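What follows is one structure encoded as structure tokens, with my remarks underneath.
Scope of the values below: all heavy atoms of this structure, side chains included, with no hydrogens, waters or symmetry mates. Counting starts at 1 for both ligands and their atoms, following the listed order. Starting from 1, each residue takes its place in the sequence as its number. Predicted model only: the values in this text are computed from it and were never measured.
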Amino acid sequence: MSPHRFRTMGEQAGRRSWAEPWKIKMVEPITMTTREEREKAIREAGYNTFLLRSEDVYIDLLTDSGTSAMSDRQWAGMMLGDEAYAGSVNFYHLEQAVQQYYGYQYLVPTHQGRGAEHLISQALIKKGQYVPGNMYFTTTRLHQEMAGGIFVDVIIDEAHDPADMHHFKGNVDLNKLEDLIKEKGAENIAYVSLAGTVNMAGGQPVSMANVKALRQLCDKYGILLMLDATRMVENAYFIKTSEEGYADKPVAEILKEFCSYTDGAWMSGKKDHLVNIGGWLAVNDEELFDELRNMVVVYEGLHTYGGMAGRDMEAMAIGIRESVQDDHIRARVGQVLYLGQLLTDWEIPIVRPVGGHAIFLDARAFYPHIPQERFPAQMLAAQLYLDSGIRSMERGIVSAGRDPKTGEHRHPRLELTRLTIPRRVYTEAHMDVVAESVKEVYNLREQTRGLKMVYEPKRLRFFQARFEPL
Ligand SMILES: *Cc1c(COP(=O)(O)O)cnc(C)c1O
């Protein structure tokens, strides 16, 4: 395998088309708006796409979180909700699905991914301990910091370069990690926080070889390896298409092997699991499980619902089974690659290779004349909305927030605008509309100026910050 091969649709083993393994049974009308209406809407939203009303949006690529279309099977499952306060039958279905497909022994349900991140961070991090991770995720890092941890990025350098064609840009740099362990002492590392795929790097996967080597390194020093499994099905699919020895294995098998090298995982069911809400935390250590099961009662709900309705747990259990089918995941990632291929053919700067859930436009390359303090990726998101009513989001300096010690902006090397594709929601024609709008905004790039921030919330500022054009 060449690590610098481009992921293309043609690489999807033996199939000519990624076409969807489903048909549409029910449709949801969406709003078409005029340029004038969009100008008013984005102004009122403070040039922050998070503050737009969804009814003013045509194609909503803000996030793939909780935006999936459920199947008729999942909707049928909703009718089988057992809303008993304790011991709901749906909890046991969910527990069984997680054990079967992820392989962990003990399950703690949570209302969504961040509920699980809160519990695991509080349970495992002592104040002042280090938490090395393969790049950060916003809510993950915040919970680690709120528990007194110090996050350290140990991803490979290639991940910070939007043009580098490494196939597994989510990999941990084992030398960086071992240097940190030696410098700080193994007892000062809370756990290794591994995510597959890496959202902030562009949905980039971690290879099986890397997680195996990580397991060995963690064993050598007696450190726990915890997995953010939010998009691990997509990660498993990339292992199948790009890593030697996996082409003929079912995605479900690859997923389970990957998880077997880790000690536990947290999950945002709103992504891979094809549901609108839900999450979980799963571990193999019984003592840790006891602690987590006790904590969940305080923060989320009883340990057999964790903030979810019975019907939601049922839909998630069914969604887990659907999500690991090869045909499903091939179509899901195939649609993302399709959009990426169009933009690449038109020489529009995007993060490559294309990741599993989104296209990331490289706003630095789009707007080289706009300095990072003038929020180029935020501006790009606003311009796309103005052009066509497409909603994207900033993943750059606004999302990175301020350094808790110095109070200064963190300056991430990646300044990106994310076009996130919901699962089973939009068609290929919608992807064409998106590509054409990106092209139009790209053609007008030289006339575009930056933004100034006029309101800044203290935490996770990207959700609520407000801007004005310069
Ligand atoms: C969305 C997400 C989370 C947080 O999950 P929520 O369900 O939104 O609380 C954690 N990690 C990653 C990688 C995510 O994408």
**Request:** State which residues pass side chain to side chain contact (heavy atoms under 4.5 Å, CB included) with Arg402; sequence neighbours excluded, sorted by chain then number.
**Result:**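 His409, Glu456, Arg461.
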
**Request:** Using ring pair (Phe, Tyr, Trp, His ring centres under 6.0 Å) as the criterion, list what pairs up with Tyr130, not counting sequence neighbours.
**Result:**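 Once residues adjacent in sequence are excluded, Tyr130 has no partner under the ring pair (Phe, Tyr, Trp, His ring centres under 6.0 Å) criterion.
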
**Message:** Test of understanding: with ring pair (Phe, Tyr, Trp, His ring centres under 6.0 Å), list the residues that count as partners of Phe289, not counting sequence neighbours.
**Reply:**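 Here the qualifying residues are Tyr106.
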
**Message:** Ring-plane angle category for Phe360 and His357, please: parallel below 30°, perpendicular beyond 60°, tilted otherwise.
**Reply:** perpendicular

**Message:** Ring-plane angle category for His273 and Trp280, please: parallel below 30°, perpendicular beyond 60°, tilted otherwise.
**Reply:**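 Ring orientation of His273 relative to Trp280: parallel.
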
**Prompt:** Tell me, which residues have any heavy atom less than 4.0 Å from some atom of ligand 1?
**Reply:** Gln112, Gly113, Arg114, Glu117, Phe137, Thr139, Thr140, Asn199, Asp228, Thr230, Arg231, Ser268, Lys270, Lys271

**Message:** Less than 3.5 Å apart, any donor N or O on the side chain of Glu322 or His328 sitting next to an acceptor on the other?
**Reply:** no

